[in-house]
K.L.:
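This is the structure I want to talk about, given as structure tokens.
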Amino acid sequence: MSVLPATPATLAAAATALRAGRLVAFPTETVYGLGADATNALAVARIFQAKGRPRFNPLIVHVARATAAWHLGASTALARRLADAFWPGPLTLVLRRTQDTPIADLATAGLDTIAVRCPAHHIAQALIDAAGCPLAAPSANRSGRVSPTRAADVAADLGDRVDIVLDGGPCAIGLESTVIDVSGATPILLRPGGVTRQAVEEVVGALRIATVGPERPTSPGQLASHYAPRAQVVLGLKGLQPGDAVLAFGPSPPRGPGEGPLINLSPAGDLVEAAARLYTALRELDATGAPVIRVAPIPGSGLGEAILDRLARAAAPR
Ligand code: TXA
Ligand code: MG
């Protein structure tokens with residue numbers, strides 16, 4: 001595995017590797033993706049192998065421009081409205097697969113729908129253009145672990161399971177894309193993420209919330225463990241012990257410095273800042289060796305919905 005700063009030469013080398021069926025991790029504005037040629041079944045299979053990901057969990061296919069998306073999945077008025085409003089950006093649309101879609105069945109886990117995203121990050125766009133194919137790319141972490149927001153996170157988690165890591169610095173948003181199913185008449189929120197629900201609802205009206213699905217179990221007790229550090233994550237500060245790590249938020253942290261590891265996601269109480277710091281903070285608190293990470297209350301409005309979604313999964317029983 002080599003970690004390379006993104007330059008015209010390394011982008012060209014990464015594109016060549018992708019066309020040869022290799023895996024390249026690359027930055028997006030949300031998190032780092034583990035990319036492969038989405039039209040090459042063998043390359044896509046390598047993604048599942050590298051992540052240890054269950055094969056029934058489909059991947060997001062990344063395109064450089066919205067027009068490329070409509071070759072892969074059916075464009076509807078609803079899909080176009082969302083694409084016009086949020087692409088390029090942190091939004092994934094689940095579309096009906098087109099009859100002649102060139103995407104490997106494995107990438108969509110045999111479903112008749114396909115998840116497509118047009119990322120805003122200039123390195124992601126340049127890589128897709130240089131490769132000349134859509135890129136299947138889940139977050140570049142082992143299945144179930146914390147998603148990577150820096151090239152070094154990818155290297156530490158995946159090691160030689162990835163061929164090239166393109167380094168584009170830290171991800172600006174720091175949380176995965178919002179996933180919306182627009183394959184039917186009404187849009188369904190499958191995963192809260194970098195575009196807030198309010199912003200989406202301003203464009204298409206009220207969203208239905210999926211009650212079942214890979215990211216939406218029927219009750220909180222069934223939450224699949226995901227985005228999880230090694231330490232136990234506990235929501236709320238009740239029962240705080242001296243050795244516990246604390247993930248704080250807002251101007252009045254629950255305890256002072258020196259009483260154990262504490263990271264404040266945003267002393268100013270800014271949810272955008274908190275989202276950008278969330279995964280790095282979980283990694284850093286985990287690295288202290290504290291057995292438990294306790295999470296202070298965080299408001300659920302705006303990006304808070306996605307932050308709380310990820311923290312609930314990190315806290316789910318394993
Ligand atoms: O921000 C992101 O979305 C990042 C970057 C790299 O683009 N990618 C990412 O991929 O988070 P991943 O594989 O970790 O999450 C993809 C999500 C999963 O929840 C998966 O179940 C859902 O999208 N998904 C993919 N295809 C789907 C489909 N056809 N129908 C419903 N859900 C789908
Ligand atoms: Mg992921």
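Both ligands and their constituent atoms are indexed starting at 1 by order of listing. Please read all numbers here as calculations on a predicted model, not as lab measurements.
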K.L.:
So how far is it from K51 NZ to R145 CZ, rounded to the nearest 0.5 Å?
P.N.:
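The CZ atom of R145 is 11.0 Å from NZ of K51, to the nearest 0.5 Å.
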K.L.:
Charged N to carboxylate O below 4.0 Å: is that the case for E29 and R117?
P.N.:
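Judged by the 4.0 Å cut-off on N to carboxylate O distance, E29 and R117 do form a salt bridge.
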K.L.:
Cluster question for you: counting only ILVMFWY and a side-chain heavy-atom cut-off of under 4.5 Å, with indirect links fine, are Y32 and L11 together?
P.N.:
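No, because Y32 and L11 fall into different hydrophobic clusters, even though each may have its own neighbours under 4.5 Å.
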K.L.:
List ligand 1 atoms under 4.0 Å from N57, heavy atoms only on the residue side.
P.N.:
18 (C), 20 (C), 21 (O)
K.L.:
Hey, is ligand 1 close enough to T28 that some N/O pair sits below 3.5 Å?
P.N.:
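Not met; the criterion fails.
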K.L.:
Verify side-chain hydrogen bond (donor to acceptor under 3.5 Å, both in side chains) between T113 and R96, making sure each step is shown before the conclusion.
P.N.:
CA-CA 4 Å; T113 53; R96 276 202 174 281; over 6 Å; no
K.L.:
Looking only at distances, can you tell me whether any N or O atom of T113, backbone or side chain, sits closer than 3.5 Å to an N or O atom of ligand 1?
P.N.:
yes
K.L.:
Can you tell me how far CG of L271 sits from CD1 of I298, rounded to the nearest 0.5 angstrom?
P.N.:
8.0 Å
K.L.:
By the definition side chain to side chain contact (heavy atoms under 4.5 Å, CB included), identify the one residue from L135, L93, T92 that meets it with I60.
P.N.:
T92
K.L.:
Answer side chain, backbone, both or neither: which part of D181 comes under 4.0 Å from ligand 1, heavy atoms only.
P.N.:
neither
K.L.:
I need the contact type for L190 against ligand 1. Using non-hydrogen atoms and a strict under-4.0 Å cut-off, is it side chain, backbone, both or neither?
P.N.:
side chain
K.L.:
Measure from the Mg ion (ligand 2) to each N, O or S atom of S139 and report whether any distance is below 2.8 Å.
P.N.:
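For S139, the answer is yes, given that an N, O or S atom comes within less than 2.8 Å of the Mg ion (ligand 2).
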K.L.:
Of the side chain and backbone of S177, name the one, both, or neither that has a heavy atom under 4.0 Å from an atom of ligand 1.
P.N.:
both
K.L.:
So is L111 in contact with ligand 1, going by heavy-atom distances below 4.0 Å?
P.N.:
yes
K.L.:
Distance from L18 atom CG to L23 atom CG, nearest 0.5 Å?
P.N.:
8.0 Å
K.L.:
Scan side-chain atoms only and decide if Y279 and E176 contain a donor-acceptor pair under the 3.5 Å cut-off.
P.N.:
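Indeed, the side chains of Y279 and E176 share at least one donor-acceptor pair under 3.5 Å.
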K.L.:
Under a 4.0 angstrom heavy-atom cut-off, which atoms of ligand 1 come close to G33?
P.N.:
6 (C)
K.L.:
Under 4.0 Å from a heavy atom of A137: which atoms of ligand 1 are those, numbered in the order shown and with their elements?
P.N.:
6 (C), 8 (N), 10 (O)
K.L.:
Considering both backbone and side-chain atoms of E176, is one of its nitrogen or oxygen atoms within less than 3.5 Å of a nitrogen or oxygen in ligand 1?
P.N.:
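By distance alone, the answer is no.
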K.L.:
On a heavy-atom basis, I'd like to know which of R53, H62, E29, R97 is closest to atom 7 (O) of ligand 1.
P.N.:
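It is H62 that holds the nearest heavy atom.
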K.L.:
Considering the heavy atoms of A115, write down every atom of ligand 1 situated less than 4.0 Å from one of them.
P.N.:
25 (C), 26 (N), 27 (C)
K.L.:
Please answer whether the main-chain N or O of L207 pairs with a side-chain N or O of E201 as donor and acceptor at a distance below 3.5 Å.
P.N.:
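Yes, E201 side chain to L207 backbone: donor-acceptor pair under 3.5 Å.
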K.L.:
Closer than 4.0 Å to some heavy atom of L59 - which atoms of ligand 1 meet that?
P.N.:
25 (C), 26 (N)
